[in-house]
Amino acid sequence: MTEYNWNERYIVLPSKYGREIILYTNDLRISYGNKESIKGVSLEFEKNKITSLIGPSGSGKSTYLRALNRMNDNIALARVTGEIFYHGIDINVENMNVYAMRKHIGMVFQRPNPFSKSIRKNITFALERFGLKDKKILDEIVETSLKKAALWDQVKDELDKSALALSGGQQQRLCIARSIAMQPDILLLDEPASALDPISISVVEETLWDLKKDYTIIIVTHNMQQAARISDYTAFFYSGEVIEYDRTKRIFTRPKIQATEDYVSGHFG
Ligand SMILES: Nc1ncnc2c1ncn2[C@@H]1O[C@H](COP(=O)(O)OP(=O)(O)OP(=O)(O)O)[C@@H](O)[C@H]1O
Ligand SMILES: [Mg+2]
């Protein structure tokens with residue numbers, strides 16, 4: 001297995017738009033059996049920006065997002081071809097150490113999925129497995145990750161309580177904290193707010209907005225207001241292709257393609 005020195009990966013990638021690109025895909029194709037669900041998607045993601053992936057159900061948003069940290073590897077049927085460049089490293093190669101890679105590209109799922117362990121352990125579990133034993137450092141990471149995920153004040157006195165006793169919105173923020181604890185560069189979120197009430201949604205959105213300082217965020221959302229509120233760039237997926245990609249403002253005010261306009265204004269189909 002090729003082991004990369006992940007610390008020496010800061011290569012500024014060239015971009016059509018003159019931006020600093022941290023991740024891009026080139027002609028990415030994903031099929032399940034003989035059905036192609038992503039049909040050659042090339043997209044760039046700018047560092048420290050939020051990109052929304054929008055589009056109708058079944059258009060391939062989750063399939064594409066999962067490919068970005070090789071989660072489709074867990075699906076026997078799935079075949080992924082094309083390039084996924086992260087800081088100049090193609091992570092879509094056979095001998096990639098996906099566990100090391102996922103420390104840099106973390107994922108938060110639609111439904112909060114905390115481990116059935118204490119709040120503290122949810123954060124420290126993976127770090128301990130990667131060999132971090134120092135209690136003081138672990139405590140510090142627990143505190144800073146929970147602070148970044150806007151959960152610290154609510155749980156600081158009950159870190160040993162089961163994570164499953166938290167509300168849905170708190171569990172989702174714990175899952176965000178768990179990802180942050182690994183200090184990734186990139187956070188992938190698949191409809192992270194869809195199972196939450198409006199107040200929790202706005203807290204999660206504020207959390208993401210704050211996280212942008214330190215992370216590059218790619219988020220799948222069905223909520224057009226949410227995409228318009230929080231993202232810098234938006235990609236519109238339709239039937240396995242990206243039909244339009246632009247600055248979010250442009251997508252929501254003056255899209256170039258009729259299908260995009262219909263979708264963002266709710267007149268689709
Ligand atoms: N594990 C899987 N096995 C087989 N086919 C799949 C699998 N996951 C997704 N697909 C197919 O790939 C296509 C894209 O699905 P995907 O879940 O990526 O869409 P989506 O845009 O995320 O939809 P939604 O908005 O409903 O979540 C669909 O036709 C779906 O049936
Ligand atoms: Mg999906």
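None of the values given here were measured: they were computed from a predicted structure. Both counts, for ligands and for their atoms, begin at 1 and track the order of listing.
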Peer 1: Counting both backbone and side chain atoms, is some N or O of Leu77 under 3.5 Å from an N or O of ligand 1?
Peer 2: no
Peer 1: Any idea how Phe237 and Tyr64 line up, ring-wise: parallel (<30°), tilted (30 to 60°), or perpendicular (>60°)?
Peer 2: tilted
Peer 1: Considering non-hydrogen atoms of the protein only, which is the closest contact for atom 26 (O) of ligand 1, and what is the distance?
Peer 2: Ser57 OG, 2.5 Å
Peer 1: Give the atom numbers and elements of ligand 1 that come within less than 4.0 Å of a heavy atom of Ser59.
Peer 2: 19 (O), 21 (O)
Peer 1: Can you name the atoms of ligand 1, numbered from 1 with element, that are less than 4.0 Å from a heavy atom of Ile75?
Peer 2: 1 (N)
Peer 1: Looking only at non-hydrogen atoms, which of Ser194, Gly58, Ser62, Ala78 approaches atom 14 (C) of ligand 1 most closely?
Peer 2: Gly58
Peer 1: Please identify which atoms of ligand 1 are closer than 4.0 Å to at least one heavy atom of Arg66.
Peer 2: 8 (N)
Peer 1: Mark the output for Lys35 as yes if a heavy-atom distance to ligand 1 is under 4.0 Å, and as no if none is.
Peer 2: yes
Peer 1: At a 4.0 Å threshold, what atoms of ligand 1 neighbour a non-hydrogen atom of Ser37?
Peer 2: 11 (C), 12 (O), 13 (C)
Peer 1: State plainly whether the residues Arg29 and Asp27 are in salt-bridge range, i.e. N to O under 4.0 Å.
Peer 2: yes
Peer 1: Protein N, O or S atoms less than 2.8 Å from the Mg ion (ligand 2), ignoring waters?
Peer 2: Ser62 OG
Peer 1: Which protein non-hydrogen atom lies closest to atom 21 (O) of ligand 1, naming both residue and atom, and how far is it?
Peer 2: Lys61 NZ, 2.7 Å
Peer 1: Find all atoms of ligand 1 within a distance of less than 4.0 Å from any non-hydrogen atom belonging to Pro56, and give their numbers and elements.
Peer 2: 21 (O)
Peer 1: Are Tyr245 and Phe236, when compared by the centres of their aromatic rings, separated by less than 6.0 Å?
Peer 2: no
Peer 1: Which residue holds the protein heavy atom closest to atom 10 (N) of ligand 1, what is that atom called, and what is the gap in Å?
Peer 2: Tyr32 CE1, 3.2 Å
Peer 1: Does NZ or CZ of Arg178 fall inside the cone over Phe115's six-membered ring, less than 6.0 Å from its centre and within 45° of the axis?
Peer 2: yes
Peer 1: Considering the heavy atoms of Glu191, write down every atom of ligand 1 situated less than 4.0 Å from one of them.
Peer 2: 27 (O)
Peer 1: What do you reckon, does Gly60 put a non-hydrogen atom under 4.0 Å from ligand 1?
Peer 2: yes
Peer 1: Go through the side-chain N and O atoms of Thr216 and Asn48 and say whether any donor and acceptor fall under 3.5 Å apart.
Peer 2: no
Peer 1: May I have the list of side-chain donor-acceptor pairs in residues 124-133 shorter than 3.5 Å, sequence neighbours left out?
Peer 2:
| unit_1 | atom_1 | unit_2 | atom_2 | d |
| --- | --- | --- | --- | --- |
| Thr124 | OG1 | Arg120 | O | 3.4 |
| Glu128 | OE1 | Lys121 | NZ | 2.8 |
| Lys133 | NZ | Glu128 | O | 3.3 |

Peer 1: Do other residues, nucleotides or ligands put more than 12 heavy atoms under 6.0 Å from the CD1 atom of Ile199?
Peer 2: no
Peer 1: What protein heavy atom sits nearest atom 15 (O) of ligand 1, and how far away is it?
Peer 2: Thr63 OG1, 3.7 Å
